[in-house]
Number of protein chains: 2
Amino acid sequence: MLEKIHLSIVREVEKQGSLTAAADVLCLTQSALSHAMRKLEQKMGTDIWLREGRRLRLTQAGKYLLALAERLLPQMERAEERLKQYAKGERGTLCIGMECHPCYQWLLKVVSPYLARWPDVDVDVKQKFQFGGIGALFAYEIDLLVTPDPLYKPGLHFEPVFDYEQVLVTSREHPLAQAPYVEPEQLAEEVLITYPVEIERLDIYNRFLMPAGISPRRHKVIETTEIMLQMVASGRGVAALPRWLAEEYLGKMDVVPVRLGRCGIAKQIFLGARVADVDVDYLKAFVDQARQL
Amino acid sequence: MLEKIHLSIVREVEKQGSLTAAADVLCLTQSALSHAMRKLEQKMGTDIWLREGRRLRLTQAGKYLLALAERLLPQMERAEERLKQYAKGERGTLCIGMECHPCYQWLLKVVSPYLARWPDVDVDVKQKFQFGGIGALFAYEIDLLVTPDPLYKPGLHFEPVFDYEQVLVTSREHPLAQAPYVEPEQLAEEVLITYPVEIERLDIYNRFLMPAGISPRRHKVIETTEIMLQMVASGRGVAALPRWLAEEYLGKMDVVPVRLGRCGIAKQIFLGARVADVDVDYLKAFVDQARQL
DNA sequence: GAGATAAATGAAAAATATTCATTGAACATT
DNA sequence: AATGTTCAATGAATATTTTTCATTTATCTC
């Protein structure tokens, strides 16, 4: 009835803009696609496209199929990949999603010993998700989610794997550099440099500045940790980073970590997985590896 | 390459126990299934089943396919249904999931005016989900989730639609029946009757008894509201229910609502949907209808 | 060991998908 | 306004794939 080819055609026509172009991509003729879809339309009794002149515009049913296609086809394609991997004796690809910027550096330190120990497992890391990390887990886009925000809901399993402290990083010459810790008020006249994420997800905002009702003088956004720290070292601003990450740059750059508040900001990294997967050996091994680090 | 039929075969063989039996269900011959799967195995280069005598046992690859099949086939089947609905001029089926027991009564009051106003939309209500309500939303098992626990994550949209108070319900003769409100300690010697859900999800526990460190004398579990209230009326115990629900039974049964704590327990019902769907007219209309109630 | 049952297999038949060749409509260009 | 181009639809022919049929082989049961 409704077959994979129909979904492929709907998706490709939408992408390429015409049946003819889609046919080229799919290595078929325009006629083949036309016949295939005509037949589906007859079987279902509803049109997929409105034929407006020589343009195809999706009907409501067509839009529904398109959404279905974009959801299901990637999963089927991933399945084919995986079957071929099994054939080659490989165990599969562990697909890891990331929701926090600095986690990336930490993840790298887990991945390399893991790859050595599991030579027949590939690792792939994704950072962008249409529906967030949780959605990507549920949609089988990823197998493991690295995140600071666990979510204890049926179907998912989250486990803390790493504790760290979030600290302020300043240049060595900065007046705050020598302080045992900083108070929110002391940042009111500073330039704050962060990764480009929503303010609500920045701990320095929602756990430090906002409770005190303070805003920094300015807020700059930088993608990469190196550049961010170079900006800090040159006195252009201050940043908030995990202590372990800051310490890795301590020798190389003129930066100093300073505690945020009297007690510091404690953070955790969690690994999330679907409950159906938590017993998969190579996945479990990754979580173990992460916890031991 | 990997087609729907392969997934159907894997699923049906697992369900029926043999190729032959699966062939009957699928209206094909055993030979057809055998050829189809052989071909897939050759293309992919990996076996789906281990042939142990005349038994088929799934390989790792096969198990993976089975999981895929149980995830994707229902979605394709639902899609076919929906296309046929579009054909008949119907708009589709609004599939509603429920995570809270008493919400059902409330939902009924929303559904009937909605059905009247949207004659070409069907409504279906589901109450059991393998991966919880959130998972069901992400997996397109349901379109709308009725829940007291919203979840503000990318990809999902939650909206409060109904405020109510959770109250204690006792028999008219009960000593607490005349009190303006009850304190947790006063329930220490009572029999508490609740719906059969995990204790952590019962508000009377986590917002009333647990903070005070109190447990009831006994805890009984009952499925249906009517029976629960009959038990209460006959003095066998007390229950916690929404005030509006309790009030509906006030005339019919000898029960009395009593406030929980000096300030009462305030609750909200939320409707959750996928962000991709929030602009669908008949879904939006349902949310509006719910809010107006 | 006989009978029954299940899967595999090769060849034949049936069904389906695809192409080819063509048409007619819509659009772009002059 | 005429012309050439592009695109989707269509019917018939062809190619491919799926399915069946008939049979074999292996295993399980009694």
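Order of the sequence lines sets the chain letters (A, B, ...), proteins ahead of strands, with each chain counted from 1.
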Protein-to-nucleotide contact annotation, 5' to 3' order, nucleotides 25-30 of chain C [B base; S sugar-phosphate only; - none; under 4.0 Å, heavy atom]: -BS---
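For Leu19(B), the listed nucleotide lying nearest its side chain is dA8(C); candidates were dC7(D), dA6(C), dA8(C).
With respect to the salt-bridge test (charged N to carboxylate O, under 4.0 angstrom), the residues Lys43(B) and Glu3(B) do not qualify. Under the 4.0 Å criterion applied to side-chain N and carboxylate O atoms, Asp143(B) and Arg91(B) are not assigned as salt-bridge partners. Arg38(A) and Glu41(A) are joined by a salt bridge, as a carboxylate oxygen and a charged side-chain nitrogen come within less than 4.0 angstrom of each other.
The distance between atom CZ of Arg38(B) and atom P of dA8(C), rounded to the nearest whole Å, is 5 Å. Summarising the geometry, the separation between CH2 on Trp49(B) and C1' on dA8(C) is reported as 13 Å, rounded to the nearest angstrom.
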Are any protein N/O atoms closer than 3.5 Å to N/O atoms in nucleotides 12-18 of chain C? If there are, list each pair with its distance.
{"residue": "dA17(C)", "atom": "OP2", "partner": "Lys39(A)", "partner atom": "NZ", "Å": "2.5"}

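Nucleic acid contact for Ser18(A): sugar-phosphate only, since backbone atoms but no base atoms lie under 4.0 Å from a heavy atom of the residue. Residue Thr20(A) is classed as a sugar-phosphate contact, given heavy-atom separations below 4.0 Å to backbone atoms only.
Counting heavy atoms from C-beta on, the side chains of Asp120(A) and Tyr282(A) never come closer than 4.5 Å.
Looking only at atom types and distance, the side chain of Tyr64(A) has no donor-acceptor partner in the side chain of Thr59(A) under 3.5 Å away.
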